[in-house]
Peer 1: 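Got a structure here, written out as structure tokens. Questions coming.
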Amino acid sequence: MASAFSTSVLIVLVILPGASNSSSAVDEEEKALLQSHWWSGKNISSRCEWHVIVCNDAGSITNISLSSFHYQSSSPPQFQAMNWTAFPNLVNLYLSQINLSGIIPENIGALTNLTRLEISKNNLTGQLPRSISNLIHLVMLDVSHNGLSGSIPSSLGNLKNLLNLELSLNKLSGSIPSTLGNLSSLNNLQLSYNSLTGEIPKEIGQLNNLVSLYVDGNMLSGPIPLEIGKLKNLTVLNLSYNNLTGLVLPTLGNLTNLKHLDLKRNHLQAPFPIGNLKNLEYLDVSYNKLTGPILSNFASLSSLISLFLSYNQINGFIPQEIGNLKCLTDLYLSNNNLKGTVPSTLQKLTNLEYLDLSVNNLQGSIPLSLYDLTPLRILDLSLNQISGTLNPKIENLKCLSNINLSNNKIFGRIPSEIGNFSWSVRIDFSHNMLSGEIPSNLCNQSYLYLSYNKFSEKAVSEFNSFCGLNGSSSRTNSAKRSMEIFIPITSFFVILMAAWFVSPCVAKKKESEERRVKKGDVFSIWNYDGKIAYEDIIEATEDFDIKYCIGTGAYGSVYRAQLPSGKIIALKRLHQLESLEPSLDRHFQNEVKMLTSVRHRNIVKLYGFCLHNSCKFLVCEYMEKGSLLQVLSNAEEAKEMSWSKRVNIIKGIANALFYMHHDCASTILHRDISSSNILLNSELEAFVSDFGTARILDTNSSNQTLLVGTIGYVAPELAYTLSVTEKCDIYSFGVVTLETIMGRHPGEFISSWQNSCVQNLLLKDILDSRLPLPSFRKDAKDVLLVVTLALSCLHTDPRCRPSMKDVVKEFLVSKPPLMLPFKDISIQQLMNQESIFQK
């Protein structure tokens, strides 16, 4: 029977000059594997058939690629338990994220053919052995995210072929060795978040091929070396969170390819060099000692997306030319000595989402043009000298989550239009001169601060009565009338705490992952003889006997099969009768098309497929636990899914969607994210599946579509617009996130959030009762974060939902300790994280 197969198995071609082919060397490798106890219970003699090992023609190991997906053991492997001298032909060693412990042994230096050593995200301790300098063929050295201590060996400067050196997130101390300047081929140098001291060596300026330099989060002192201005290929420079002093040198203006410049949290002084930074997208020099005015030539940074100048001593006016930064989404100028008015040219910043001009000496009224910036999420003009009245056009800010105009001189009435938002906005108009009636529709706002204004007692009483506050929230002092109104209701919208750059001006990254096939693996045969693989599958399933069926999908059945090699796979088969239905056949072929074009650790792998008229099936990675829906529906399995595992499941889904939305050459929309389409492996790691309805976003069309997806997960706007965007996937992600935390579909909860009967609902009351409340601080903070993010994803206005870039970056931001016991936190308080986390 004719069949066509496509495989996504990774391909590695290894050419080893002078590789050892002797049987004694092979015997030594076998002995080393046995003595390490890394693979207890496995047949070591068949190691060359394992997915994680590649051998040369003589049977000697050339690649070991072990990850958390493939290493399963009750005890963590010890790095020094392996006799590394037994592997003279090893070229690639990848051992990241397998809970590897112990020290990096000196005998690692025996691997003289090694080109890639990646052992990041483990529990390694001790020092970097000096023998690493023997690995002169290394192009990649990644030991980040461990617990390594001691100094960086100066002998690393001998690794002249090194392209990538990553030592971040360890406990390394001492100075940065000047010998690193000898690594003339280096593209990427990451030394972030260690305890390094001393000055940045001027020899860094010799790294002419350097593209990214990260030394943030250390204790480095002294000035920024002039020589850094010679790194003409640099696109990322991060020197933040150090003790650097002196001027921000003008030589940085020579870095014409620079896109990301982060100098925050130092002691740097003005002037700031603009130079020829025409490609700069991100600039953060906040929390320094910059003085002088904001120069008008800042407007020449035409690619700038995020600008952070807060917490300096900048004075003068905000230049009108700032309106020329058309790509800007984040503008933070707070806590300076700026004067003058808010420039009307800000209306040109049509992508602006975050505007913070607080704690300055700005005067005049709020320009009407500011109300035309419809993407604004946060507007903070507090602690200035701003006067004038509030304009009804404020209701144009449809994405607003936080507006703070407190401590100014604003007078007149509050326009009723400010209460027209269909979601909750944090409003702070306290310490002004507002008067007149208080619009009754402001009762709908969860956080409303109006203290220290000039409202009459009658206006306060009427408002309190209308909102059911019985006057309990008002107070008067001898100097002036004051009122504080705080109205808690249940709401699904939250204030996003960090500003992340999101703009169509940011170019999408190209997918460039290497494909590898291991010799001897049954799937490599499919490249040459599809018939053999087809016969194996028919034999393994006894011609798709129903006893191998483990579930049914939207357009077929799923079978479990064990092939002659021992590999277990999942077969998704479109039945012959169903294949006659054109729409189901299109879905099937669409899934093949999508899965063969994507590759991500949280997306189900497609190993092959058959598209013969009489038999159509996909061959996919097998997931032992089935779907998320199945696990949540089973009481015993749900209890095994701890809070930390549930948070990791949510992060896995978020990472997959981030990849589809932002990292693919063209944005891919899944369109059917639901708990039944999230599969879990034996370690309860999440994988997005079922791409039958997925499609590529066409930026040149309206993207109108038939309504597809699973009821209860579909974004509400699809019901009337039929226009699909990535925000539809984000809404579905919000539903799945709540479902994972609640242990059940949140449909009733979603539909009743505006009902007054749930306004005081506590978070603990909606969590899955089959688990005890989070007892660890990290679990508590993580659960709060994912619920907060889920609520923001469920915003009724799709423009106000975060992007997946926003969501993923929130997971990377460290949250401070909680102010309140977890059991006392309500849903309404999640709209204002400042009331939950310590400052």
Side-chain angles (χ1 to χ4, degrees), residues 293-310 314 316-334 336 338-421 425-429 432-434 499 501-505 797 799-800:
I294 300 174
L295 302 178
S296 59
N297 60 353
F298 254 93
S300 65
L301 305 180
S302 55
S303 299
L304 202 61
I305 294 170
S306 299
L307 176 59
F308 299 90
L309 300 178
S310 299
I314 300 171
F317 302 93
I318 301 175
Q320 294 287 336
E321 290 82 0
I322 204 163
N324 295 334
L325 303 178
K326 299 297 179 61
C327 289
L328 209 62
T329 64
D330 312 308
L331 178 57
Y332 282 75
L333 306 178
S334 66
N336 281 291
L338 296 170
K339 62 182 180 180
T341 61
V342 178
S344 59
T345 54
L346 290 179
Q347 68 173 330
K348 299 179 181 179
L349 305 181
T350 55
N351 292 306
L352 198 63
E353 296 183 12
Y354 302 91
L355 177 61
D356 187 353
L357 307 180
S358 62
V359 197
N360 280 291
N361 297 310
L362 299 173
Q363 299 176 340
S365 60
I366 301 172
L368 291 180
S369 57
L370 202 63
Y371 299 128
D372 294 328
L373 298 177
T374 54
L376 267 185
R377 295 174 182 268
I378 292 179
L379 172 60
D380 193 345
L381 304 177
S382 61
L383 289 156
N384 279 288
Q385 302 295 320
I386 292 174
S387 58
T389 60
L390 297 173
N391 193 281
K393 287 185 66 177
I394 198 168
E395 69 173 336
N396 293 345
L397 304 179
K398 299 297 184 183
C399 294
L400 205 61
S401 64
N402 186 350
I403 178 170
N404 190 350
L405 305 179
S406 64
N407 291 276
N408 280 292
K409 299 178 179 179
I410 300 171
F411 57 87
R413 306 168 71 93
I414 298 177
S416 60
E417 286 80 0
I418 200 170
N420 290 343
F421 297 114
V425 179
R426 187 182 189 276
I427 299 172
D428 191 347
F429 293 162
N432 278 287
M433 296 184 290
L434 296 168
F501 60 96
V502 182
S503 171
C505 299
D797 188 339
R799 295 171 300 177
C800 299

Peer 1: At what distance, to the nearest 0.5 angstrom, does CG of Leu357 lie from CD1 of Ile318?
Peer 2: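 Answer for the CG-CD1 pair, Leu357 versus Ile318, is 4.5 Å.
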
Peer 1: Got a donor-acceptor contact below 3.5 angstrom from the Thr345 side chain to the Gln320 backbone?
Peer 2: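 Yes, because the side chain of Thr345 sits within donor-acceptor range (under 3.5 Å) of the backbone of Gln320.
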
Peer 1: Would you say that Cys399 contacts Pro375 through its side chain, given a criterion of any heavy-atom pair below 4.5 Å between the two side chains?
Peer 2: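 The answer is no, as the side chains (C-beta and beyond) never meet within the 4.5 Å cut-off.
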
Peer 1: Minimum heavy-atom separation for Ser382 and Asn408, please, with both atom names.
Peer 2: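 Heavy atoms of Ser382 and Asn408 come nearest at CA-ND2, 3.7 Å.
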
Peer 1: Which heavy-atom pair separates Ile322 from Pro343 by the least distance, and what is that distance?
Peer 2: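 Of all heavy-atom pairs spanning Ile322 and Pro343, the closest is CG2-CG, 4.4 Å.
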
Peer 1: Atom CG in Leu301, atom CG in Asn324: separation rounded to 0.5 Å?
Peer 2: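 Here the rounded value is 11.0 Å.
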
Peer 1: Between atom CG of Leu383 and atom CG of Asn407, what is the distance when rounded to the nearest 0.5 Å?
Peer 2: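 Taking CG in Leu383 and CG in Asn407, the distance rounds to 4.0 Å.
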
Peer 1: List for me each residue that meets salt bridge (charged side-chain N to carboxylate O under 4.0 Å, His left out) alongside Lys409, sequence neighbours excluded, and say none if there are none.
Peer 2: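 Salt bridge (charged side-chain N to carboxylate O under 4.0 Å, His left out) check on Lys409 returns nothing, list empty.
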
Peer 1: So does Cys800 get a backbone contact from the side chain of Arg377, meaning a donor-acceptor N/O pair under 3.5 Å?
Peer 2: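 Judged by distance alone, yes, a pair lies under 3.5 Å.
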
Peer 1: Within the structure provided, determine whether Leu379 and Leu370 are in side-chain contact (heavy-atom separation under 4.5 Å).
Peer 2: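 They are in side-chain contact.
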
Peer 1: As an exercise, state the distance from CG of Leu307 to OG1 of Thr329, rounded to the nearest 0.5 Å.
Peer 2: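 One gets 10.5 Å once the value is rounded to the nearest 0.5 Å.
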
Peer 1: I want to check something: taking the side chain as every heavy atom from C-beta on, are Ile294 and Leu333 in contact at a cut-off of under 4.5 Å?
Peer 2: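 A side-chain contact under 4.5 Å exists here.
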
Peer 1: Output all residues satisfying side-chain contact (heavy atoms from CB on, under 4.5 Å) with Asp356, sequence neighbours left out; order by chain, then residue number.
Peer 2: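 side-chain contact (heavy atoms from CB on, under 4.5 Å) check on Asp356 returns Tyr332, Ser334, Ser358, Asp380.
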
Peer 1: So which heavy atom on Val342 is nearest to which on Pro367, and how close?
Peer 2: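 Smallest heavy-atom distance, with atoms named: O-CG, 3.6 Å.
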
Peer 1: Output the distance between atom NZ (Lys348) and atom CD (Glu321), rounded to the nearest 0.5 Å.
Peer 2: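 So the gap between those two atoms works out to 9.0 Å.
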
Peer 1: Mind running side-chain contact (heavy atoms from CB on, under 4.5 Å) on Ile366 and Leu405 for me, showing each step along the way?
Peer 2: CA-CA 10 Å; Ile366 301 172; Leu405 305 179; 3.9 Å; yes

Peer 1: Not counting sequence neighbours, list each pair that qualifies as a side-chain hydrogen bond (donor to acceptor under 3.5 Å, both in side chains) and has a residue in residues 361-374.
Peer 2: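 Of all non-adjacent pairs touching residues 361-374, those that pass side-chain hydrogen bond (donor to acceptor under 3.5 Å, both in side chains) are Asp372-Lys393.
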
Peer 1: Hey, does the side chain of Asn384 reach the backbone of Asn360 with a donor-acceptor pair shorter than 3.5 angstrom?
Peer 2: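 Yes; at least one donor-acceptor contact below 3.5 Å.
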
Peer 1: Once you round to the nearest 0.5 Å, how far does CG of Leu381 lie from CD1 of Ile410?
Peer 2: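 If I round to the nearest 0.5 Å, the distance is 7.5 Å.
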
Peer 1: Decide yes or no on side-chain contact (heavy atoms from CB on, under 4.5 Å) for Leu352 and Leu376, but give the supporting numbers first.
Peer 2: CA-CA 6 Å; Leu352 198 63; Leu376 267 185; 4.3 Å; yes

Peer 1: Would you indicate whether the side-chain heavy atoms of Thr389 and Phe411 approach each other to under 4.5 Å?
Peer 2: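 The answer is yes; the side chains approach within 4.5 Å.
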
Peer 1: Determine, step by step, whether Leu331 and Leu325 satisfy the side-chain contact (heavy atoms from CB on, under 4.5 Å) criterion, reporting the C-alpha distance in whole Å, the side-chain angles of both residues, the deciding distance to 0.1 Å, and the verdict.
Peer 2: CA-CA 10 Å; Leu331 178 57; Leu325 303 178; over 6 Å; no

